[in-house]
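Everything below concerns the one structure shown next.
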Amino acid sequence: MTRPRALAHPCGGNNEGDRVMRGDAGEAVTSAAGQLATATHCPYCALQCGIELENAASGWILTARDFPTNRGGLCQKGWTAAELLTSPERLQTPLVRDRRDAPLRPATWDDALDRIAHAIRRLQRAYGRDAIGVFGSGSLTNEKAYLLGKFARVALRTSQIDYNGRFCMASAAAGAVGAFGLDRGLPFPLSDVASAGAILLVGSNLAETMPPVMQHFEEQRRRGGAVIVADPRLTPTAAAATLHLQLTPGTDTALLNGLLHIAIQAGAVAEPFIAQRTTGFDAVRRVAASYWPARVERITGVPEAQLRAAARLMWSAPTAMVLTARGTEQQSHGVDNVRACINLALALGLPGTPGCGYGCLTGQGNGQGGREHGQKTDQLPGYRRLDDEAHRAYIAGIWGVAAKDLPRPGRSAYELLATMGTDEGVRALLVFGSNPVISSPRAGHIEQRFAALDFLVVADFFLSETAALADVVLPSAQWAEEDGTMTNLEGRVILRQRAAEPPEGVRTDLDIIAALGARLGCAAHFPRDAETIFEELRRASAGGVADYAGITYERLRDGDGLFWPCPSTDHPGTPRLFLSRFATDDGRARFQAVQHRPPAEEPNDDYPFYLTTGRVLAQYQSGTQTRRVPALLKAAPQPFVQVHPSAADTLGISHGDCVQVTTRRGTAQLVAHLSGAVRMDTLFVPFHYPGTGRANLLTNPALDPVSRMPEFKVCAARLEKDTRC
Ligand code: SF4
């Protein structure tokens, strides 16, 4: 097969797209050149920007599409996404290792799959069913997430499955379920942002993580709206805001309780809404009483005047939103932080009111759908629970197995990884679409745990840092080479339709799972075709919280997607949730009182800085894909630490110096970037890079007690000049 050549993106990476063609998802449209293009979506983040992709004789042509989330815009990652389809680094044959200390070598698919099936049987015979673990991803399509969860429970019958979304979405999900009875990142369409009079963004740097979304915020500002950003750094998002609250890392709950205190004292809370639509406010009011502004200023470092200004902006606007992201969620008290945000939103009467609300800005491409359909360790499809007997019975019926044979919930992602190769942990792991050697906290320790496994399998497009450790590497198809649905940050289910066949030697993840299922004696349970699997997913989700029963490929081809719940094929979908009732038993939202508690580590004489981690504009997640795009690597070539010039001066560090950042977990070698955008007591390191510059060599795996999400965003660190450079 002739492999097409990727074309350069047309704009060099700004946010403005060419509004050249209009097509609905999966629909083939005719380009200006008269050739057929496929209307689809960017493979990266949860904005799932609309694009058109044409497999022309001259190579791939990618153009932006006028889809509701991106309105014709793309970021540099999106513009260059098609280059990876023809990357020379792409895996195109399975690789196997004959001994743990032998190099990887090419193998046939039969050999690779037979080795995996043999290892699974051998290890389960020796150690029991839970000897095999599965690690999924928030980038997998709904069909893959569904089939992977089913594979673990039906073919492997292991309880040990979780996914990297545990590192991204678990705290927001737990907070939302507790308050509203349901977790859908945004319970309203993104277009509602423009009609919000005030928006409080807590721990989000949208201008760098998903730039085209800023169009919605720019429209909101044009209409006279205000944006308040709470972030320890003056990010591009904060710089564009009406007000920036530069809080001390790990003090989010105190900040939110303080804003609520001011609103209560001013008599600005929505008493009728609280009385009619919520429960539990009295306890929250009592807790908030002790968060007077001067105390909150001492805890958070945010001046009292700014606290009062922010609270006033929120309550005086006719419509308002509170939106959270990883900055506040990736903490050992991340669920409490989310609860505090929701408490403020409820007290102001926002959720369930048009143009208002609380929402979480999901990060990974299918971070929403990936947490709905069963790859989470405690979960069954449709947001059903593995510890609920009725839910188990329903899904067992769909799968044609006995409910008693379904495993119980297993370990959360970090706990699964941290116990690999130990007496109580898994002996083998199957990894799909994830690179935990880069993305897991305390990554040096996790790398050692990978080395202690008896058997590791990784399915990926490239030889990621995790794949490089595997006994078997399976080359999988990319986004443009397979069909599948994604659920974006709004809860909008969309179709990504195949624009080309995978290269010879490459298989889809669905095909791989089905082939393994067949080798384990379960062929009938595992179809390979995406639409067939989606039909089964529809039945499995029917009547569940995330009900996809009324969503079909045909309907998705005909429009801009459908919002769940969508219980029947004549249902229009549900863009706005909670308008008349919340999804709790009594229909009321629940306040949940929370106190400020410090992060698991705070600075001391040995580790005098806070360390926080995050993303940069030109890279995505562990960088497995974006570090392989020349333009993106050129734009963001190496790991660095952002440090305030005054702090650097006291340490004799200049811009561009080689430095070391050390925490109780390890040391990273980085380049110093001096910037007044970061607090004097805080260091920032991006987490996209491998080797000795890995941010996650440093991060603290302290887990939130409810969500089991690690504390990526706060730990104590030391900064030194690296004299070896
Ligand atoms: S990475 Fe996200 S923001 Fe950028 S083009 Fe892709 S979907 Fe859009």
Side-chain angles (χ1 to χ4, degrees), residues 171-172 175 198-207 226-263 288 290-314 322-345 361 594-603 608-614 642-644 647 675-684 711-717:
S171 290
I199 299 174
L200 174 59
L201 266 177
V202 187
S204 170
N205 182 15
L206 287 169
V227 175
I228 306 149
V229 172
D231 196 307
R233 293 193 304 140
L234 180 66
T235 62
T237 313
T242 316
L243 182 59
H244 175 209
L245 310 177
Q246 195 164 16
L247 75 170
T248 303
T251 62
D252 306 57
T253 291
L255 179 80
L256 271 295
N257 282 356
L259 297 180
L260 180 56
H261 174 102
I262 295 167
S290 62
Y291 288 81
W292 57 91
R295 179 183 175 222
V296 173
E297 178 176 335
R298 278 197 301 279
I299 298 172
T300 65
V302 177
E304 192 176 328
Q306 288 188 8
L307 295 169
R308 292 188 186 281
R312 194 175 306 111
L313 280 170
M314 289 299 288
V322 180
L323 303 176
T324 65
R326 306 306 82 70
T328 194
E329 296 158 14
Q330 288 178 323
Q331 298 184 26
S332 60
H333 307 306
V335 175
D336 281 354
N337 291 342
V338 170
R339 288 170 174 162
C341 290
I342 293 174
N343 287 342
L344 177 67
L361 296 155
V594 285
Q595 295 279 9
H596 163 70
R597 287 177 289 158
E601 275 184 11
E602 291 192 287
F609 289 96
Y610 290 99
L611 171 69
T612 190
T613 63
Q642 190 180 50
V643 54
H644 193 281
S675 169
V678 68
R679 291 168 54 100
M680 280 184 60
D681 60 1
T682 302
L683 308 173
F684 167 79
E711 189 150 62
F712 289 101
K713 285 295 188 277
V714 200
C715 67

Pair Leu201, Leu361 - check side-chain contact (heavy atoms from CB on, under 4.5 Å), show working. CA-CA 10 Å; Leu201 266 177; Leu361 296 155; 3.6 Å; yes
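Under the rule for a side chain to side chain contact (heavy atoms under 4.5 Å, CB included), the partners of Pro236 that lie at least two apart in sequence or sit in another chain are Asn205, Ala207, Glu208.
Not a single donor-acceptor pair under 3.5 Å links the side chain of Ser204 to the backbone N or O of Ala325. Of the possible polar contacts, one joining the Gln246 side chain to the Ala677 backbone as a donor-acceptor pair under 3.5 Å is found. Under the 3.5 Å distance criterion, the side-chain polar atoms of Asp336 are left unmatched by any main-chain donor or acceptor of Val594. Although no hydrogens or angles enter the test, the distance criterion places no donor-acceptor pair under 3.5 Å between the side chain of Thr682 and the main chain of Val678. A donor-acceptor distance shorter than 3.5 angstrom exists from the side chain of Thr242 to the backbone of Val227, with no hydrogens or angles considered. With His261 contributing its side chain and Ala288 its backbone, the two residues share a donor-acceptor pair below 3.5 Å. In terms of modelled atom types and a separation under 3.5 Å, the side chain of Tyr291 and the main chain of His596 share a donor-acceptor contact.
What you find for Leu206 and Thr237 is that their closest heavy atoms are N-OG1, 3.1 Å. Pro599 and Pro249 make their closest contact through CG-O, 4.4 Å (heavy atoms, listed as atom of the first residue, atom of the second, distance). Of all heavy-atom pairs between Gly258 and Val296, the closest is CA-CG2, 3.6 Å. Minimum heavy-atom separation, Thr324 to Cys341: CG2-SG, 3.5 Å. Annotation for Leu307 and Leu259: closest pair O-CD2, 3.4 Å, computed over non-hydrogen atoms.
Between Lys713 and the options Glu329, Gln330, Gln331, a side-chain hydrogen bond (donor to acceptor under 3.5 Å, both in side chains) holds for only Gln330.
Listed by first and then second residue, the salt bridge (charged side-chain N to carboxylate O under 4.0 Å, His left out) pairs involving residues 231-256 amount to none (not counting sequence neighbours).
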